[in-house]
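Have a look at the structure below, then the notes.
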Amino acid sequence: MESHSIPFSNGQIHYSIFGKGSSDVIAFHGFGQDGGVFQKVADRFPQYRFIAVDLPFHGKSMPLDSRNPIKSHQVVEMVTLISEEQKINRFSIISFSIGARFVWPLLDIFNQQLESVTLIAPDGLPTSAWYRLATFSQVSRWIFRQVMEKEGIITGIIKMARTFGITNRPTSVYLQKTVRTANMRRHIYNTWTALRFLEPDMAVITSVIMNNGTKVLIVLGEKDNLIDSKRISRRLKDIQGIEIVLLPCLHHQLLENYTAWKMEENIGKKA
């Protein structure tokens, strides 16, 4: 494994390199993880070199000021610096969950360099009403911060959502684990507010697929209560060139299940 850092906004972005394959993949992890989650993926696919980024407020990336939301051009500058440092020309992208927010700004700018794009449970496609309500005005962000500072309130909201069938039991347990400490709740607030401007442009996505022939794979979980697989499938079903795969698992199981599915698919192609 190689470890690198580059300047980003008012901090630093850390990224790791796994594998020594001839094909490059820039990878963006999900909330509460770091780039290390792609170590196992790289181990199973030695033909690739994974450049795994630690998202802001995650892993070894230096803290940023959450009051200054990240802009699309900053993400483009980040990938440009990584590409120059690692001498990357053509590459693929893979992301999980909130990591997809770093993919949206790249599709248009790097469209001629993209081999393929894999979005696993992509966040922001579309942005949930809860996310928009919590982050897109100064007043709502203030309320969001007050709520996240009080464990009793957020725990009560999760229990109420379970009572009214908005979430199932596994999702409620998962959510309660993510808010059990003040640091974890602050982590959620900082990440959500900092990434609020990184949203997909469906016209750009369609153009990249139709005009450049970029392969786009959307991987969704049939039991995922964090990312609405049915809603995403309906939104994308009419765009030719997007492949949608549904796996029978929960949100946090998707990266591991995708890796297993991809290995089986590769074996099938060789048979």
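The side chain to side chain donor-acceptor pair (under 3.5 Å) with His14 is formed by just one residue from the set Ser3, Ser61, Ser5; it is Ser3. Each of Lys60, Glu2, Gln86 was compared with Tyr15 under the side chain to side chain donor-acceptor pair (under 3.5 Å) criterion, and only Gln86 meets it.
Of all heavy-atom pairs spanning Thr191 and Pro56, the tightest one is OG1-O, 4.5 Å. Minimum interatomic distance between Phe96 and His251 (heavy atoms only, all atoms of both residues): CZ-O, 3.4 Å. Heavy atoms only, all atoms of each residue included: Pro69 and Phe197 are closest at CG-CE1, 3.5 Å.
Checking side-chain atoms of Gln113 against main-chain N and O of Phe110 turns up no donor-acceptor pair under 3.5 Å. Under the 3.5 Å distance criterion, the side-chain polar atoms of Thr193 are matched with a main-chain donor or acceptor of Asn190. In terms of modelled atom types and a separation under 3.5 Å, the side chain of Gln39 and the main chain of Gly36 share no donor-acceptor contact. For Arg49 (side chain) and Ser23 (main-chain N/O), no donor-acceptor pair under 3.5 Å exists by modelled atom type.
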Could you check Leu114 against Ser92 for side-chain contact (heavy atoms from CB on, under 4.5 Å), going step by step and ending with a plain yes or no? CA-CA 6 Å; Leu114 289 176; Ser92 296; over 6 Å; no
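The neighbour count for Lys71 NZ, taken as heavy atoms of other residues, nucleotides or ligands under 6.0 Å away, is above 12. Around the CD atom of Glu256, the shell of radius 6.0 Å holds no more than 12 heavy atoms that belong to other residues, nucleotides or ligands. Open room surrounds OH on Tyr48; 12 or fewer heavy atoms of other groups in view lie less than 6.0 Å from it.
Classification of the Phe38-Phe50 ring pair by plane angle, with boundaries at 30° and 60°, yields parallel.
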